[in-house]
A.B. asks: 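Here it is, the structure in full.
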2 protein chains.
Amino acid sequence: MALDLLPVVSATGGACCTPLTRDAITEQAAVGLSQVLKALADPARLRLLSLIASHDGAEACVCDLTEPVGLSQPTVSHHLKVLVDAGLVTRDKRGVWAYYALVPGALDAVTHQLGTHLTAGAAS
Amino acid sequence: MALDLLPVVSATGGACCTPLTRDAITEQAAVGLSQVLKALADPARLRLLSLIASHDGAEACVCDLTEPVGLSQPTVSHHLKVLVDAGLVTRDKRGVWAYYALVPGALDAVTHQLGTHLTAGAAS
DNA sequence: CTCAGACATTGACATCTGTCGATATTGACA
DNA sequence: TGTCAATATCGACAGATGTCAATGTCTGAG
């Protein structure tokens, strides 16, 4: 096929398009980053993370968290599971109580990716 | 009613609770922050933001964005509206074309709030 | 004025998400 | 072993969300 010899210019007329200066985020990276952001994008979960960070040693048990957020115990447990699945907190069951702690650096990784891909003129 | 004289200790037995070292994020701040994070928490919108950031001058028109993300034009327009409403990008219609540009500092404000409230031992 | 093209809006639909009540599971203790 | 308390899981429900086809709106060209 000699079709590849044809100039497929499609003649847009030199219109609106501005030139690219670098590559955008990949589909795969966007999906992964959005999954962590989805875990963060809820008022209850933000409060839970903040409460955990505010406790001594950056860890807290469910009984510390249920009352301040004003939600039922199953709902709090559900939100904490979402945060664990997103890799933002860890769960450590000691006896009857479950202690949740921040994962060091997890949030930094998110903000770093945001800055890398979503800031004008950011190179690496 | 003399009920308030009763010691309502509820005797939890001095159990699991760790002490607070500072105040957590307020409900109001959590709602506001989560709204911006919801706008970010979508693969298509992350790619749109990244594409805009990758264009010269950190701005791009819809015709630059529809094809790379692989979605229909109304869907892209919808996502861009979400980003505008969240204060992450601006819309500037010049003639027939609509140019979308990053809002400088908008992303920094988000990451700064995350670091302030969600990092262990972060003071202010 | 009419037409064509770029973009926004609408309406509809399937799917995802947050919430709760009810129930199951687990560990401490008598 | 049996009971109690802390937490997780299940089932159900209302509301939010992402997507597209169809249509509307606006601008520039002729």
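Letters go in sequence order (proteins before strands), and every chain restarts at 1. Because the structure is predicted, anything quoted here is derived from the model rather than measured.
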A.B. asks: Quickly work out the B/Lys93 NZ to D/dC26 P distance and round it to whole Å.
C.D. replies: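 Computing the B/Lys93:NZ to D/dC26:P distance gives 9 Å.
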A.B. asks: Calculate the interatomic distance between A/Leu80 atom CG and D/dT9 atom C1'; express it in whole Å.
C.D. replies: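 From A/Leu80 CG to D/dT9 C1': 14 Å.
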A.B. asks: For a quick test of reading the model, state the closest non-hydrogen atom pair linking A/Ala39 to A/Ala86 and the distance between them.
C.D. replies: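 In this case the closest contact between A/Ala39 and A/Ala86 is CB-CB, 3.5 Å.
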A.B. asks: Which whole-number value in Å describes the distance from B/Glu67 CD to C/dA6 C1'?
C.D. replies: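 It is 17 Å, rounded to the nearest whole Å.
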A.B. asks: Would you confirm whether A/Lys38, through its side chain, and B/Ala41, through its main-chain N or O, come within 3.5 Å as a donor-acceptor pair?
C.D. replies: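 Yes.
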A.B. asks: Among the nucleotides C/dC20, D/dT7, D/dT19, which one has an atom lying closest to any side-chain atom of A/Arg91?
C.D. replies: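 The listed nucleotide nearest to A/Arg91's side chain is D/dT7.
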A.B. asks: Starting the side chain at C-beta, find the nucleotide from D/dT7, C/dC7, C/dC20 nearest to A/Thr75.
C.D. replies: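 Of the options given, the side chain of A/Thr75 lies nearest C/dC20.
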A.B. asks: Examine distances only and state if a side-chain atom of B/Ser34 and a backbone atom of B/Val31 form a donor-acceptor pair shorter than 3.5 Å.
C.D. replies: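 Indeed, once roles are kept as given, a pair shorter than 3.5 Å links the two residues.
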A.B. asks: Is the terminal nitrogen or CZ of A/Arg91 (NZ for Lys, CZ for Arg) located under 6.0 angstrom from the six-membered ring centre of A/Tyr99 and within 45° of that ring's axis?
C.D. replies: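 Judged by the rule, A/Arg91 and A/Tyr99 form no cation-pi pair.
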A.B. asks: With sugar-phosphate meaning primed atoms plus P, OP1 and OP2, does A/Arg94 contact a base, only sugar-phosphate, or nothing at under 4.0 Å between heavy atoms?
C.D. replies: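 Contact class for A/Arg94: none.
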A.B. asks: Between the side-chain atoms of A/Gln73 and the base atoms of D/dA8, is any donor-acceptor pair under 3.5 Å?
C.D. replies: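 Side chain to base: pair found, below 3.5 Å.
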A.B. asks: Using atom CD of A/Gln35 as one end and atom C1' of C/dT17 as the other, report the distance to the nearest whole Å.
C.D. replies: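 It is 15 Å, rounded to the nearest whole Å.
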A.B. asks: Between B/Leu118 and A/Ala53, what is the shortest heavy-atom contact and its length?
C.D. replies: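 Scanning both residues, the minimum pair turns out to be C-CB, 4.1 Å.
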A.B. asks: Report the distance from atom CZ of B/Arg47 to atom P of D/dG18, rounded to the nearest whole Å.
C.D. replies: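 About 17 Å, once rounded to whole Å.
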A.B. asks: Quickly work out the A/Leu37 CG to D/dG18 P distance and round it to whole Å.
C.D. replies: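 Checked: the CG to P distance equals 13 Å.
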A.B. asks: Specify the residue among A/Lys38 and A/Tyr100 whose closest nucleotide of DNA chain D lies further upstream toward the 5′ end.
C.D. replies: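 Checking each residue's closest nucleotide, the 5'-ward one belongs to A/Tyr100.
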A.B. asks: Would you classify A/His79 as touching base, sugar-phosphate or nothing, given that sugar-phosphate means primed atoms plus P, OP1 and OP2, and contacts are heavy atoms under 4.0 Å?
C.D. replies: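 A/His79: backbone/sugar contact only, no base atoms under 4.0 Å.
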A.B. asks: Return the nucleotide paired to D/dG24: Watson-Crick means purine N1 to pyrimidine N3 with N6-O4 or O6-N4, wobble means G-U with N1-O2 and O6-N3, both under 3.5 Å.
C.D. replies: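 Base-paired to C/dC7.
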A.B. asks: Between A/Leu71 (CG) and D/dT7 (P), how many Å, whole number?
C.D. replies: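 That distance rounds to 16 Å.
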A.B. asks: Nearest to the side chain of B/Ser77, which nucleotide is it out of C/dC7, C/dG27, D/dA8?
C.D. replies: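 For B/Ser77, the side-chain atoms sit closest to C/dC7.
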A.B. asks: Quick one: which of D/dA8, D/dC20, D/dA6 gets closest to the side chain of B/Pro74?
C.D. replies: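 Within the option list, the nearest is D/dC20.
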A.B. asks: Using whole Å, report how far NZ of A/Lys81 lies from P of C/dG18.
C.D. replies: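 So the NZ-P distance, A/Lys81 to C/dG18, works out to 14 Å.
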A.B. asks: Side chain of A/Ala44, heavy atoms from C-beta onward: which of C/dT9, C/dT19, C/dG21 has the nearest atom to it?
C.D. replies: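 Nearest nucleotide to the side chain: C/dT19.
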A.B. asks: Heavy atoms from C-beta onward define the side chain here; which of C/dG18, D/dT7, D/dT19 lies closest to that of A/His78?
C.D. replies: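 So the side chain of A/His78 is nearest to C/dG18.
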